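To start, the structure under review is shown below, and the notes come after it.
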Amino acid sequence: MKFRVLLLLVFMLMFVLFAFVQLNDPDPAVWVPVYLSAAVLCFLAYKRKLFRWVYAMAFLGYAIAAFLLWPPVYQGIFFDMSRSPAIEEARESLGLTICALVMIYCFILEWRYRA
């Protein structure tokens with residue numbers, strides 16, 4: 001199995017697990033679709049079914065959302081959420097940043113495949 005295929009499958013599984021963990025979040029209706037859409041995009045990159053611009057648009061969406069959700073004062077990500085809402089915002093922003101980075105990877109794979 002190629003490294004490219006293995007990495008895409010790992011990303012896909014990771015995003016499905018992210019979505020599963022979000023089921024007990026206060027707002028799962030927002031975060032479950034966010035992570036499941038990233039998993040679907042990884043699966044479609046594995047199948048080579050989409051064009052580069054789809055991954056570019058997904059990257060922009062995830063990156064802009066991560067930037068907008070970043071807390072005004074960073075207080076870490078490892079503490080209990082009851083300590084400060086900024087901790088949850090930092091975690092959400094980090095998850096969106098991971099999604100954005102994976103979309104860059106999918107874009108590069110598609111660019112190399114179609115070139």
Side-chain angles (χ1 to χ4, degrees):
M1 184 177 290
K2 290 184 179 181
F3 180 72
R4 174 195 71 82
V5 171
L6 182 63
L7 197 54
L8 283 172
L9 293 175
V10 166
F11 287 146
M12 186 175 51
L13 178 63
M14 178 184 71
F15 288 132
V16 169
L17 290 174
F18 282 6
F20 180 74
V21 170
Q22 294 299 319
L23 290 175
N24 70 350
D25 201 59
D27 50 356
V30 174
W31 295 104
V32 170
V34 166
Y35 290 124
L36 287 181
S37 65
V40 167
L41 287 170
C42 288
F43 177 74
L44 292 173
Y46 164 72
K47 291 292 192 178
R48 295 182 171 156
K49 296 288 184 185
L50 292 178
F51 295 104
R52 290 183 294 233
W53 64 271
V54 175
Y55 298 110
M57 296 302 291
F59 163 76
L60 283 175
Y62 286 128
I64 290 170
F67 177 77
L68 293 175
L69 280 176
W70 188 254
V73 177
Y74 178 72
Q75 296 180 354
I77 59 171
F78 298 109
F79 298 110
D80 186 20
M81 291 185 309
S82 62
R83 182 173 171 185
S84 170
I87 295 169
E88 178 66 12
E89 291 172 352
R91 290 177 184 169
E92 291 169 348
S93 183
L94 179 61
L96 291 169
T97 302
I98 292 169
C99 291
L101 293 173
V102 171
M103 292 306 113
I104 289 174
Y105 177 71
C106 292
F107 175 87
I108 291 170
L109 286 178
E110 197 60 33
W111 176 66
R112 290 181 65 197
Y113 175 70
R114 302 234 187 241

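If you read the sequence from its start, that first residue is 1, and numbering goes on from there. Since the model is a prediction, treat every value here as computed from it, not as a measurement.
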Single-linkage hydrophobic cluster Leu17~Tyr46, side-chain heavy atoms < 4.5 angstrom
no
Using 30° and 60° as the class boundaries, would you call the ring planes of Phe15 and Tyr35 parallel, tilted or perpendicular?
parallel
Heavy atoms only: give me the nearest Cys42-Met103 pair and the separation to one decimal.
SG-CE, 4.4 Å
Would you kindly confirm whether Trp70 and Ile64 end up in one hydrophobic cluster when ILVMFWY residues are joined by side chain heavy atoms under 4.5 Å apart?
no
Single-linkage hydrophobic cluster Ile104~Leu9, side-chain heavy atoms < 4.5 angstrom
yes
ILVMFWY cluster, Phe20 and Leu13 together (side-chain gap under 4.5 Å)
no
Please lay out, stage by stage, how Tyr62 and Val34 fare under the test side chain to side chain contact (heavy atoms under 4.5 Å, CB included).
CA-CA 9 Å; Tyr62 286 128; Val34 166; 3.8 Å; yes
Side chain proximity check, Val54 to Leu44, heavy atoms < 4.5 angstrom:
no
Residues Phe11 and Tyr105: closest non-hydrogen pair is CE1-CD2, 3.8 Å
Taking all non-hydrogen atoms of both residues into account, name the closest pair between Pro72 and Glu89 and its distance.
CD-OE1, 4.0 Å
Inter-residue atom distance Gln22.CD - Asp27.CG, 0.5 Å rounding:
7.5 Å
Are the side chains of Val16 and Phe43 in touch, meaning some heavy atoms are under 4.5 Å apart?
no
Same apolar cluster (I L V M F W Y, side chains within < 4.5 Å links), Leu23/Val40:
no
Shortest non-hydrogen contact from Arg52 toward Trp111
NH1-CD1, 3.0 Å
Given side chain to side chain contact (heavy atoms under 4.5 Å, CB included), test Leu96 with Trp31 step by step and report yes or no.
CA-CA 10 Å; Leu96 291 169; Trp31 295 104; 3.7 Å; yes
Here the pair of heavy atoms bringing Ala100 nearest to Ala63 is CB-N, 4.0 Å
Between Cys106 and Leu41, is there a side-chain heavy-atom distance shorter than 4.5 Å?
no
Side-chain touch Glu92/Val30, heavy atoms, less than 4.5 angstrom:
no
Could you grab the distance from atom CD of Glu88 to atom CG of Leu69, nearest 0.5 Å is fine?
10.0 Å
Closest approach of Arg4 and Ala45, non-hydrogen atoms and distance?
NH1-O, 3.9 Å
Would you give the length of the straight line joining atom CZ of Phe59 to atom CG of Leu101, rounded to the nearest 0.5 angstrom?
7.5 Å
